[in-house]
**Student:** 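Pasting a structure below so you can have a look.
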Number of protein chains: 2
Amino acid sequence: MTSQDTAGWAGQLHAQDRRVTRQRLAVLAAVEQSPHATAEAVLAAARSELPQLTLQSVYVVLSDLTTWGMLRRIEPPNSPARYETRIGDNHHHAVCTGCGRIEDVDCAVGHAPCLTPSSSTMTIRIADVLYQGVCTDCADAGVASLPAPLP
Amino acid sequence: MTSQDTAGWAGQLHAQDRRVTRQRLAVLAAVEQSPHATAEAVLAAARSELPQLTLQSVYVVLSDLTTWGMLRRIEPPNSPARYETRIGDNHHHAVCTGCGRIEDVDCAVGHAPCLTPSSSTMTIRIADVLYQGVCTDCADAGVASLPAPLP
DNA sequence: CACTTATTTTGAACAACTCATAATAAAGCG
DNA sequence: CGCTTTATTATGAGTTGTTCAAAATAAGTG
C-alpha cells in the first residue's frame with residue numbers, strides 16, 4: 001500500500017501494455033492491505049480513495065489483474081471469490097470450518113508435494129491444496145467439528 | 001444403480017433414522033450412474049424414473065445426503081457444485097482447464113501427503129487437492145494453456 | 001388404517017457475477 | 001500542450017446457481 005508498491009504495479013501494467021488507472025491501483029492497494037478480500041470488501045476499501053468506483057468495475061479489474069497474473073483468485077466453498085497479491089510462490093490456504101477465516105499455508109515439503117498424480121490422462125499444471133480445519137478460537141468456542149474423513 | 005446399491009442406501013438411511021424416499025434413492029442412483037454430476041444433471045437423470053421430481057428437491061436431497069456423509073460435494077472453479085458417491089477414501093480431482101472434464105485422482109503417495117502444514121493456528125481435518133491441467137483431448141486440439149505457476 | 005412428522009413441492013427470493021452499451025480518460029502524437 | 005484513439009470504466013439490466021418460507025404429501029409407527 002506504499003508508493004513503493006504503486007510504482008511496481010504501474011511498472012508491471014506498463015510492461016504488459018496495459019493502462020495504469022486509478023481504479024486498478026486502488027484495487028491492488030485494497031487487496032494488498034487486506035489479503036483474501038472479497039470483491040465487496042475490495043470495493044469498500046478502495047472507495048475511501050476512489051468514491052465513485054463501482055462494484056462492476058471492481059469485478060472486471062479483479063478479473064483482468066488475475067488473468068495477467070498480478071492477483072491470485074481463491075475460491076473457497078461457501079464463500080464468494082477472494083483475492084490476494086501474494087503470487088509467484090505456490091502457497092496454499094487453510095479455511096476454518098467454524099468462522100470461515102482463511103490463512104496462508106506454505107507448501108509443507110518446500111516443493112510441490114502433490115504434483116505427482118500417479119497415472120492420468122491429464123498433464124497437470126497446478127495442484128491447489130485447500131486445508132479445512134478448526135482454528136484455535138473456534139476450537140475454544142467449542143464449534144461442532146465435522147467427522148474427519150480417511151486419508 | 002443396481003438393486004444392490006438401492007438396498008445398501010436404504011439401509012444407510014435407515015441406520016441414520018432417515019426416511020427412505022423415492023427421490024433420495026433416485027438422486028443417489030443418478031449420482032452413482034454419472035459421477036461428478038451437477039444438480040441439473042441429477043435432475044435430468046432422475047426424472048426418467050421420477051418425472052415429478054423438482055430441482056429444489058434435488059438441491060435439498062443432495063445437501064442432506066452430503067451432510068450425512070452419503071455423498072461428497074465437489075466445488076470446482078467456474079462450475080456449479082458436483083457430487084459423487086465415492087466416499088470413504090480421500091481421493092482428489094483433476095479438472096481440465098480446456099473442457100472442464102473432471103477425473104478422480106487417487107492420493108499419489110498413498111497416504112495424505114499434504115496433511116502436514118508446518119505451523120498453523122488451525123487443526124487441520126481435511127486436505128483437498130484440486131489438480132488443474134489439460135486433458136489429452138484438449139492438448140491434441142491445441143487448447144491454449146495458461147502460464148504455469150512456480151512450485 | 002389413522003396419525004405424526006419428516007420430506008417434498010410450490011413459489012418466490014437472493015447472492016455473486018456477467019453482459020451490452022454509453023461515457024470517460026490514458027497514452028501517444030503532432 | 002491540446003487532440004485523437006482506443007482501452008477502460010460506469011450504467012443498467014440480466015443470468016446462473018442456490019436458498020428460503022409455507023403448504024402439500026407420504027414414510028414409518030402404533
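Model, not experiment: these values are computed from the prediction. Residue numbering restarts at 1 for every chain, and letters A, B, ... go by the order of the sequence lines.
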**Student:** Looking only at atom types and distance, does a side-chain atom of A:Thr97 sit under 3.5 Å from a main-chain N or O of A:Gly133, one as donor and one as acceptor?
**Tutor:**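 Indeed, once roles are kept as given, a pair shorter than 3.5 Å links the two residues.
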
**Student:** Give one of base, sugar-phosphate or nothing for A:Ala81, where a contact means two heavy atoms less than 4.0 Å apart.
**Tutor:**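 Answer is sugar-phosphate: A:Ala81 comes under 4.0 Å of backbone atoms only.
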
**Student:** Applying side chain to side chain donor-acceptor pair (under 3.5 Å), can you list everything that pairs with B:Thr54, at least two apart in sequence or on another chain?
**Tutor:**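 Residues passing side chain to side chain donor-acceptor pair (under 3.5 Å) with B:Thr54: B:Ser57.
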
**Student:** Is the number of heavy atoms from other residues, nucleotides or ligands under 6.0 Å of B:Arg86 CZ greater than 12?
**Tutor:**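 Above 12, so yes.
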
**Student:** Going through the checks in order, is the side-chain contact (heavy atoms from CB on, under 4.5 Å) test met by B:His93 and B:His36?
**Tutor:** CA-CA 10 Å; B:His93 297 99; B:His36 311 146; 3.7 Å; yes

**Student:** Output one letter per nucleotide in nucleotides 20-30 of chain D: B when a protein non-hydrogen atom lies under 4.0 Å from the base, S when only the sugar-phosphate is that close, - when neither is.
**Tutor:** B-----BBS--

**Student:** Under 3.5 Å, is there a donor-acceptor pair between the side chain of B:Arg24 and the main chain of B:Arg19?
**Tutor:**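 Answer holds: yes.
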
**Student:** Taking A:Ser34 for its side chain and A:Ala30 for its backbone only, find out whether a donor-acceptor pair lies under 3.5 Å.
**Tutor:**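 Indeed, once roles are kept as given, a pair shorter than 3.5 Å links the two residues.
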
**Student:** When you match A:Val61 and B:Leu55 each to their closest nucleotide on DNA chain D, which lands nearer the 5' end?
**Tutor:**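 Result: A:Val61.
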
**Student:** Using a heavy-atom cut-off of 4.0 Å across all strands, would you classify B:Glu40 as base, sugar-phosphate, or nothing?
**Tutor:**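 Nothing, no nucleic acid heavy atom in range.
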
**Student:** What do you reckon, is CZ of A:Arg73 surrounded by more than 12 foreign heavy atoms closer than 6.0 Å?
**Tutor:**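 Enclosed.
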
**Student:** Are the side chain of B:Arg47 and the backbone of B:Leu53 linked by a donor-acceptor contact shorter than 3.5 Å?
**Tutor:**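 At least one qualifying donor-acceptor pair exists.
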
**Student:** Tell me the ring pair (Phe, Tyr, Trp, His ring centres under 6.0 Å) pairs involving residues 47-75 of chain B, sequence neighbours left out?
**Tutor:**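 The answer is none; no pair qualifies.
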
**Student:** How large an angle, rounded to 10°, do the end axes of the helix from C:dC1-D:dG30 to C:dG30-D:dC1 enclose when each is built from five base pairs?
**Tutor:**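 What I find for the helix from C:dC1-D:dG30 to C:dG30-D:dC1 is an axis angle of 30°.
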
**Student:** Among all residues two or more places apart in sequence or in another chain, which pass the side chain to side chain donor-acceptor pair (under 3.5 Å) test with B:Arg101?
**Tutor:**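 B:Asp137.
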
**Student:** So, is B:Tyr59 close to the D:dT19 phosphate, meaning a side-chain N or O under 4.0 Å from OP1 or OP2?
**Tutor:**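 Indeed not, no polar side-chain atom of B:Tyr59 lies that close.
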
**Student:** Going 5' to 3' along DNA chain C, which nucleotides are the first and last within contact of chain A (any atom under 4.0 Å from a heavy atom)?
**Tutor:**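 Contacts span C:dA16 to C:dA27, reading 5' to 3'.
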
